[in-house]
Amino acid sequence: QVQLVESGGGLVQAGDSLRLSCVASGSIFSINVMGWYRQSPGKQRDLVAVVSGGGDTNYADSVKGRFTVSRDNAKNMVHLQMNSLKPEDTAVYYCYCLSYGHNAYWGQGTQVTVSS
């Protein structure tokens, strides 16, 4: 089992920056992919950005060039640097990890609200 705890959400204005962090505990040796998804009211949970154990990244088209996902393996953490935030980025952001055994784990979510 892996436990994920996010931090760093909040209320910001359009154009501002925000950094989300997530720390993993438990069976951390089993973690392959780490990253972030988000969900707005009435919508499905969508991928934002993920990074593999080898450092390969994948971003949603809507955040490319604005968001950066990074991983600190020594601290069992993953971060999401969000720049040039837009109102449409408003959502609950969930930390995510996928084990080598293809088990998915989720954090409790952190709210990001971007006002226009």
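Remember, predicted model here, so these are calculated numbers, not experimental data.
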Practice prompt. Decide side-chain contact (heavy atoms from CB on, under 4.5 Å) for Thr113 and Val12; before the verdict, give the C-alpha distance in whole Å, the side-chain angles of both, and the deciding distance to 0.1 Å.
Written response: CA-CA 6 Å; Thr113 303; Val12 296; over 6 Å; no
Discussion item. Let's go through Ser70 and His79 carefully: what are the C-alpha distance in whole Å and the side-chain angles of both, what is the deciding distance for side chain to side chain donor-acceptor pair (under 3.5 Å) to 0.1 Å, and is it a yes or a no?
Written reply: CA-CA 5 Å; Ser70 61; His79 307 283; 5.2 Å; no
Worksheet item: Passes side-chain contact (heavy atoms from CB on, under 4.5 Å), Val78 versus Cys95? Steps please.
Response: CA-CA 8 Å; Val78 62; Cys95 183; 3.9 Å; yes
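Listed for the Thr57 side chain is no donor-acceptor partner under 3.5 Å among the backbone atoms of Val51. With Tyr59 contributing its side chain and Val69 its backbone, the two residues share a donor-acceptor pair below 3.5 Å.
Val112 and Gly9 make their closest contact through CG2-CA, 4.2 Å (heavy atoms, listed as atom of the first residue, atom of the second, distance). Summarising the geometry of Ala91 relative to Ser40, their closest heavy-atom pair is CB-OG, 3.7 Å, with the distance given to 0.1 Å.
Residue pairs satisfying the side-chain hydrogen bond (donor to acceptor under 3.5 Å, both in side chains) criterion with at least one member in residues 5-17, sequence neighbours excluded, are listed as follows: Glu6-Gln108, Ser17-Asn83. For residues 82-96, the pairs satisfying salt bridge (Lys or Arg N to Asp or Glu O under 4.0 Å) are Arg38-Asp89, Arg66-Asp89, with sequence neighbours left out. Residue pairs that meet the salt bridge (Lys or Arg N to Asp or Glu O under 4.0 Å) test with at least one member in residues 52-63, sequence neighbours left out, are Asp61-Lys64.
At a threshold of 4.5 Å between non-hydrogen side-chain atoms, the residues Ser21 and Met77 count as touching. Residues Gln111 and Leu11 form no side-chain contact, since every pair of their non-hydrogen atoms from C-beta on lies 4.5 Å or further apart. The shortest distance between side-chain heavy atoms of Thr68 and Leu80 does not fall below 4.5 Å. Counting heavy atoms from C-beta on, the side chains of Phe67 and Gln81 never come closer than 4.5 Å.
Applying the side chain to side chain contact (heavy atoms under 4.5 Å, CB included) criterion to Ser27, with sequence neighbours excluded, gives Val2, Phe29, Ser30. Residues satisfying the salt bridge (charged side-chain N to carboxylate O under 4.0 Å, His left out) criterion with Lys43, sequence neighbours excluded, are absent altogether. Every residue two or more places apart in sequence or in another chain that forms a ring-ring contact (aromatic ring centres under 6.0 Å, His included) with Tyr96 is listed here: Tyr37, Trp106.
Residues Leu98 and Tyr93 fall into different hydrophobic clusters, defined by Ile, Leu, Val, Met, Phe, Trp and Tyr side chains chained together at heavy-atom separations under 4.5 Å. Placement of Leu4 and Val50 in two distinct hydrophobic clusters is found when ILVMFWY residues are connected by side-chain heavy-atom separations under 4.5 Å, directly or transitively. Residue Met82 is grouped with residue Val114 when hydrophobic side chains (ILVMFWY) are merged at heavy-atom distances under 4.5 angstrom, including chains of intermediate members. No chain of hydrophobic side-chain contacts below 4.5 Å, direct or via other Ile, Leu, Val, Met, Phe, Trp or Tyr residues, connects Leu20 to Tyr94. Tyr105 and Tyr100 fall into different hydrophobic clusters, defined by Ile, Leu, Val, Met, Phe, Trp and Tyr side-chain heavy atoms under 4.5 Å apart, directly or through other members.
For the atom pair Gln1 CD and Ser99 OG, the distance stands at 10.0 Å (nearest 0.5 Å). Ser52 contributes atom OG, which lies 6.5 Å from atom CG of Asn32 (distance to the nearest 0.5 angstrom).
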